[in-house]
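Below is one structure, written out as structure tokens; the observations come after it.
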Amino acid sequence: MIGADIRQEQPLLAHRIRKAAMAGAHVAAINPLGLGLTFPASQFVDTPAGMLKDLAAIAKALRKRGAGPIKDLIAGATPDPHHTETAERLRAAGKSGLILLGGLAAAHPDFALLKAFAYLIAEAAGAQVGYLPGAANSVGAHLAGALPHLLPGARPASPAGLDAVAMLEQPRRVYLLWGLEPGHDLVNPSLAASAFGQADFVAACTAFRSPSLEGTAHLMLPVAAFAENSGTYVNAGGTWQGFQGAVAPLGEARPGWKLLRVLGNLLDLPGFDYTDSAQVCDELRALSNGVRVNNKPRGKFQADRRSVADGLIRIGSVPIYAVDPLVRRALALQRTRAANWFRVSLNPEEAKRLGLVEGDGVEVRQNGDLARGQVTLDGAVPAGCVSVPAGVAGSELLGAQIGPMTVRKV
């Protein structure tokens, strides 16, 4: 597992992995945080830059050389017995071996390099590569063409559009936000706030009001919440799962597909004459007929190294009950131990170096953006890093989930 906090990201899959581990499977995890797992695993815990070194050491133990930045990393790697054991177990497993990339990998500034390493190692060991979906309908979004490089039916788009980060780095005049809160649901809230602040108009289609949206959107359109409309999920295995609304939407809220249909009609766009959500699903099914969900890479990775090795690096994992507007408002979930809050977690040695102790008040900064919290000592955080969760109250104005951060006592 690479950059995957499996119990937070995919609890059901974590249970399956536990069952496999109890049956004798070997599990290894390469992460920027130590994980509290319920099964035995070899954990490689290092800074984001150190994760690349661990992968390079495993690749070298498998006698792979690579190209570009990967070649240089592998050439400088020195596998230790744990790297060698992981490589040998992967090779022995062959097609039964699986390399999984998770949410912390996707937030890593060198995600392209992590993917390149994953496929290189998989090729050497005969293993497979998989991804932990970032949301419940990530595969459905892929099939629907809700990605810049795809059309409906997962057909290649030419030319490709801009991804979310590009749309923030290259500010647009108009933004349409769908079911998200800018301070919680984007990988870099600070960048988003700057982009939206420069826009002529921002419209938000949402089931919830929040200070984050009210400070961003010129107009908010109410859409039905979960269980108030019908739809279809496509799970990580590619299985289509339809559902019906359990209750009617409140007030003036409307199912999202109806709102988009009306916007399409007002703009005189073709293909917006649906009368039922089932028609949308049936059309997409037809376009997706024969499409096999797979993780084969398309083209080559743009593997320019971006990780910063010097200074303190933020690790901003998203707690399980902070992943969307609905669970953030579920009071019962927020009272559980799995819920998290804004805190600044440091390795005890790192805290000592900074002159900090448990409970100290500190301010953290990313690119000039400021937040305040209390210090928690945590041996699961590697030296050189500071764990500050994303998606929780207090993190709304900070920058990238993984990136340089300063910590100062107040």
Side chains of Gln366 and Arg314: any donor to acceptor distance under 3.5 Å?
yes
Ser387 to Leu33 - nearest heavy-atom pair and separation
CB-CD2, 4.1 Å
Between Asp378 and Arg343, is the salt bridge (Lys or Arg N to Asp or Glu O under 4.0 Å) condition met? List the steps.
CA-CA 11 Å; Asp378 189 350; Arg343 56 185 175 183; over 6 Å; no
Say whether, by atom type as modelled, one donor and one acceptor occur between the side chain of Asp110 and the main chain of Leu113 under 3.5 angstrom.
no
Does the plane of the ring in Tyr131 sit parallel, tilted or perpendicular to the ring in Tyr119? Use 30° and 60° as the thresholds.
tilted
Between Thr216 and Pro182, what is the shortest heavy-atom contact and its length?
OG1-CG, 3.9 Å
Closer than 4.0 angstrom, basic N to acidic O: yes or no for Glu350 and Arg353?
yes
Are Asp5 and Ser317 linked by a side-chain donor-acceptor pair shorter than 3.5 Å?
no
Donor-acceptor contact below 3.5 Å, side chain Asn235 vs main chain Trp240:
no
Does the Asp324 side chain pair with the main chain of Leu326, one donor and one acceptor, at a distance under 3.5 Å?
yes
To the nearest 0.5 Å, tell me how far Asp369 CG sits from Asn188 CG.
8.5 Å
Heavy-atom neighbours of Asn367 CG exceed 12 at 6.0 Å
no
Around atom CZ of Arg209, are there more than 12 heavy atoms from other residues, nucleotides or ligands closer than 6.0 Å?
no
Any side-chain heavy atom of Leu213 within less than 4.5 Å of one from Thr206?
yes
Are there more than 12 heavy atoms of other residues, nucleotides or ligands under 6.0 Å from atom CG of Leu266?
yes
With a 4.0 Å cut-off on N to O distance, would you call Asp360 and Arg408 a salt bridge?
no
With no hydrogens and no angle check, do the side chains of Ser345 and Thr376 hold a donor and an acceptor under 3.5 Å apart?
no
Side-chain contact test, heavy atoms from C-beta onward, threshold under 4.5 Å: evaluate it for Met22 versus Pro40 and give yes or no.
yes
For Lys60 and Ala77, indicate whether the former's side chain and the latter's backbone hold a donor-acceptor pair under 3.5 Å.
yes
Shortest non-hydrogen pair, Tyr175 vs Ala195, comes out as OH-CB, 3.6 Å
Kindly indicate whether the side chain of Glu396, heavy atoms from C-beta on, has any atom under 4.5 Å from the side chain of Pro189.
no
Rounded to the nearest 0.5 Å, what's the gap from CZ on Phe272 to CH2 on Trp257? Could you check?
12.0 Å
If we ignore hydrogens and angles and just use 3.5 Å, is the side chain of His149 paired with the main-chain N or O of Gly161 as donor and acceptor?
no
If you define the side chain from C-beta out and look only at heavy atoms, does anything of Thr84 sit under 4.5 Å from Asp80?
no
Between atom CG of Leu55 and atom NE2 of His83, what is the distance when rounded to the nearest 0.5 Å?
8.5 Å
Evaluation steps, side chain to side chain contact (heavy atoms under 4.5 Å, CB included), between Thr239 and Val234
CA-CA 5 Å; Thr239 301; Val234 183; over 6 Å; no
Within the supplied structure, the quantity of interest is the number of heavy atoms (other residues, nucleotides, ligands) at a distance under 6.0 Å from Glu214 CD; does it exceed 12?
yes
Can you tell me how far apart CG (Asn347) and SG (Cys385) are? Round to the nearest 0.5 Å.
9.5 Å
Taking Glu85 first and then Arg89, would you say they form a salt bridge - that is, a charged N and a carboxylate O separated by under 4.0 Å?
yes
Side chain to side chain, Asp46 and Lys53, heavy atoms closer than 4.5 Å:
no
Please tell me if the side chains of Asn31 and Phe44 come closer than 4.5 Å, counting only heavy atoms from C-beta onward.
no
Working for side chain to side chain contact (heavy atoms under 4.5 Å, CB included), residues Thr406 and Leu312
CA-CA 6 Å; Thr406 61; Leu312 209 57; over 6 Å; no
Worked verdict on Phe117 versus Ile74 for side chain to side chain contact (heavy atoms under 4.5 Å, CB included):
CA-CA 10 Å; Phe117 267 123; Ile74 293 174; 3.9 Å; yes
Determine whether a donor-acceptor pair (N or O, by modelled atom type, separation under 3.5 Å) exists between the side chain of Ser194 and the backbone of Leu191.
no
Is there a donor-acceptor pair closer than 3.5 Å between any side-chain N or O of Glu228 and the backbone N or O of Val223?
no
Looking at Arg365 and Glu363, is there a salt bridge between them, counting it only when a charged N and a carboxylate O are closer than 4.0 Å?
yes
Can you confirm whether Cys205 sits close enough to Leu259 that some side-chain heavy atom of one is under 4.5 Å from a side-chain heavy atom of the other?
yes
Could you measure the distance from the CG atom of Asn295 to the NZ atom of Lys115? Nearest 0.5 Å is fine.
10.5 Å
Check this for me: His82, atom NE2, are more than 12 non-hydrogen atoms of other residues, nucleotides or ligands nearer than 6.0 Å?
no
Between the side chain of Arg261 and the main-chain N/O of Tyr274, is any donor-acceptor distance below 3.5 Å?
yes
When every non-hydrogen atom of Pro11 is compared with those of Gln8, the smallest separation belongs to CD-O, 4.4 Å
Which atom pair, heavy atoms only, marks the closest approach of Tyr321 to Gln334?
O-NE2, 2.7 Å
Checking the side chain of Gln401 only, and the main-chain atoms of Gly316 only, is there a donor and an acceptor separated by less than 3.5 Å?
yes
How long is the straight-line distance from CZ of Phe201 back to NE2 of His218, given to the nearest 0.5 Å?
7.5 Å
Non-hydrogen atoms of Leu37 and Arg7 that approach each other most closely
CA-CD, 4.1 Å
Any side-chain heavy-atom pair from Val318 and Glu9 closer than 4.5 angstrom?
no
Would one find more than 12 heavy atoms of other residues, nucleotides or ligands at under 6.0 Å from atom CG of Leu397?
no
Salt bridge present between Arg65 and Glu123 (N-O < 4.0 angstrom)
no
Can you list the steps and then say if Gln43 with Leu35 is a side chain to side chain contact (heavy atoms under 4.5 Å, CB included)?
CA-CA 8 Å; Gln43 293 202 50; Leu35 306 182; 3.7 Å; yes
Does Asp72 use its side chain to pair, donor to acceptor, with the backbone of Ala75 at less than 3.5 Å?
no
Pairing donors with acceptors under 3.5 angstrom, does anything connect the side chains of Ser210 and Glu181?
yes
